[in-house]
Amino acid sequence: MTEDVSIMKDSQPEAIYLKDYQVPDYLVDATDLHFELEPKATLVKSRLSIRRNPQAGSGLPPLLLDGVDLELLSVSLDETLLSTSEYQVLPEGLSIPVEKSEFQLEIHNRIKPEENTSLEGLYLSNDMYCTQCEAEGFRKITFYPDRPDVMSKFKTTIVAPMDHPILLSNGNEIERGLYEDGRQFVTWEDPFAKPAYLFALVAGDLEYVEDSFTTTSGRKVKLQIFTEAKNIGKCDHAMRSLKNAMCWDEETYGREYDLDIFMVVAVDHFNVGAMENKGLNIFNSACVLASPETATDSAFQSIESIVGHEYFHNWSGNRVTCRDWFQLSLKEGFTVFRDAEFSADLNSRAVKRIEDVSLLRTAQFAEDAGPMAHPIRPDSYIEITNFYTLTIYEKGAEVVRMIHTLLGAEGFRKGSDLYFERHDGYAVTCEDFVRAMEDANQVDLQQFRNWYSQAGTPVLDVTDSFDQSKGKYRLIIRQSCPPSPGQEEKLPFHLPIKIGLLGADGADLAINEQGDTETVLQLKENEQVFEFSGLAEKPLPSLLRGFSAPVKIRYDYSTEQLLFLMRKDTDTFNRWDASQRLALNALSDLQATFRKGEELQVQASLISAYREVLQDKELDLALVAEILQLPSEQFIAEESSSIDAEAIIAAREFVRKAIAVELFDEFHKRYLELNTNKTYSPNASDIAQRRLKNTCLSYMCVTETEDALDIAQTQFETAGNMTDSAAALAVIINHAAEKRAQDLIREFYERWKADTQVVELWLSQQSCSPKRGTLENVRALMQHPAFEMKNPNKVRSVIGGFANRNFKQFHKKDGSGFEFVAEQVLALDKLNPQISARMVIPITRWKKYSGDLGGKMRAALQKISDSEDLSKDLFEVVSKSLI
Ligand code: B3K
Ligand code: ZN
């Protein structure tokens, strides 16, 4: 008996609503899985101990199981084989009539890992079997109530031929053996009940490094990182990061690890960065493997934070999980906040904050103003995979950070303790998180909840006045929030605004009678006035210190005031922010000049501000590097009410060149000072030194002089680490004449072609080149043996690099960049819908463009929409963007 239950797609996929949530009809107390691995036909046998959910009401409704792309072989209920007439096969599952409130269900089905290019469910990556089940991938393995509020204890047996000697699943290994036919088996048991999305299986010819960690209460935990043999030398940094994370979570949150073993596996084909499966984290190779010769500083840092992130999920996500997928930010926002604090504690706090805020203000703000805007707790979705967004993750983390700011570190810890204690072992909601924070601190966060239900980036308009005779300073703050899809009117938000007041000498003035020099204002009304007395002079406000809320703040600072803040503010973040404002203002003026066809000129004060920063030996090197970076084209675009891509490019290139030419000698001098031959270490101060050095090199090469390019070439030839080598390659690709660039590109590839992560970097540097002809080169790269359309990292490097990080060539006037993206998105959709729905994003924001660029973008999007058989994922993004 064989039933093919592959999807029969309806013409219009339907939305799912939070308001329709109902508790599950049945619970699964135990899940016993048995896999016989074969690339073309893996046999899955599942035995489920099921019982009626006492909370779900009376009667015995049919049992509904999810199942997608499965070949059903048999269904047995309490050991009796059912005939096909005794259950119903649905387009995406099974419906089984039930007569008892407790029963055993056994299902046998087959799947084809080899054909699974969606990388959801069980699939093959370079001959290694692996799984990805979050959010709804388990249903591609077997029939199951695939929802996070069904938590079950899993036992898993994996049977495989000996050429796949490593067989892993969640929990502890309890048995292993050999069959007569030469296959081996291993059985794993996970003592913690978990939703199916945390299930994992890995089988392959892998090697591992091993270490251990002893928890505060004395449990010795075995730590193992598995990779293909060729990568075994690239695991040390991840292992160190893991131990640091385990230690940090004990110290900061009082959370210990709970199993005897913690395993990490590196996989080349992976849709996202990593996955927090219980006891068996699966990582995209790019997010775990590193060595000084092959990985850049930023790779080292992101590995540390992702290893931390996945580890922290063991509590914020696994022990306490989500009731439904609308609550995704409950685990993701909180865990991003946790990993950001982990990175800040281990490295430079200010730089980490600058990096995170840059990402938020560039990409999340754009999302919040675009067609897919949604609150951190969405009300509806068509395909949940589309909601693993910057809003859920990064804005979600900002919302948690605001709670931390409002309650203080101690209050927040009381709240998190209560949250973990109250909800351990349960699937809960964002509401439960906020309530724990309230209950532990006896505070009212009613209005604060608007952050969970309203999309869009709030705007704060700030004005001030000073009454000299009374020494009274007033800040008047008005908040508003633009409409977002389905939400025309917004209620006011409750948000913390951290401020300081600067006196004429730049020192922080006392802000109240206690003599505090910094305070957190709580904004709740649409308009609120804050008064400060006892001031002898009108202060200069330093607003939203540390970016204390995810908002846009408008205060009419003059150029002189911004220069003053840039030099004097005691809040490092705001010093950097003032430099960004200053540059943004200059760039905005230059765009206007460009549109008028007049000659462009850069103010001398801007150049001298950069000179001063460059020569400042007191300032943290990392901060100097950050300040010297002009706002990215993407950030300038996000800040514009209507995007004029040509003017943005012209203005930014002009300023960059002017700074490079005017300060060439200073850049060169600083470059030479910083170009010391240190042994590589990815610590914060060395990273800062390399970052500033390479910023100097990059400015020098903007002049396109042979002298500068020779320096870059020498750096390329002598570099002892990938950070310096890649930085030199990038400037040569972007600024050198064709021959020099091509020679280096070839040389680099020949040297590194066996290293997947380096090749990904090589691909992306070329697709990001602002040089003419890049699109043709991108097309050529897609024919290169190093490119693989079925590998998301390669797609992200080439197509993603071009569409997201090559502002100039992607926005070419003829619309060729948009057409290219549309064409690739359609091809990808047949292989991997999660990736096609990501790659389409750059052409969805057509409404924000001025001139006919927006029209061309829309036309490319329309072409996708007109095509047959779009995946649910792509359909949702495209249809919402065309409205
Ligand atoms: N929780 C996973 C996300 C997987 C999503 C796949 N569609 C990674 C993370 O946030 O830790
Ligand atoms: Zn996460």
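When a ligand or atom number is given, it counts from 1 through the structure's own listing order. Side chains included, hydrogens not; waters and symmetry mates left out as well; all remaining heavy atoms used.
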**Prompt:** What pairs with F387 under ring pair (Phe, Tyr, Trp, His ring centres under 6.0 Å), at least two apart in sequence or on another chain?
**Reply:** H374

**Request:** Identify, chain by chain and in numerical order, each protein residue with a heavy atom under 4.0 Å from an atom of ligand 1.
**Result:** Q132, E134, V272, A274, M275, E276, H309, E310, H313, K331, E332, Y388, Y393, Q834

**Request:** Measure the CD-CG distance between E134 and L328 for me, rounded to the nearest 0.5 Å.
**Result:** 6.5 Å

**Message:** Would you say the rings of W325 and Y197 are close, in the sense that their centroids are separated by under 6.0 Å?
**Reply:** yes

**Message:** If you round to 10 degrees, what value do you get for the angle at the Zn ion (ligand 2) between E332 atom OE1 and H313 atom NE2?
**Reply:** 100°

**Message:** Is E276 close enough to the Zn ion (ligand 2) that one of its N, O or S atoms comes in under 2.8 Å?
**Reply:** no

**Asked** F154 vs Y144 aromatic rings, parallel, tilted or perpendicular, using cut-offs 30° and 60°?
**Response** tilted

**Asked** Is any NZ, NE, NH1 or NH2 atom of the basic residue among E876 and K872 found under 4.0 Å from an Asp or Glu carboxylate oxygen of the other?
**Response** no

**Prompt:** Any Lys/Arg nitrogen of E760 or R796 sitting under 4.0 Å from an Asp/Glu carboxylate oxygen of the other?
**Reply:** no

**Item:** Which atom of H309 approaches the Zn ion (ligand 2) most closely (N/O/S)
**Value:** NE2

**Asked** Crowded around Y17 OH? As in, over 12 foreign heavy atoms under 6.0 Å?
**Response** no

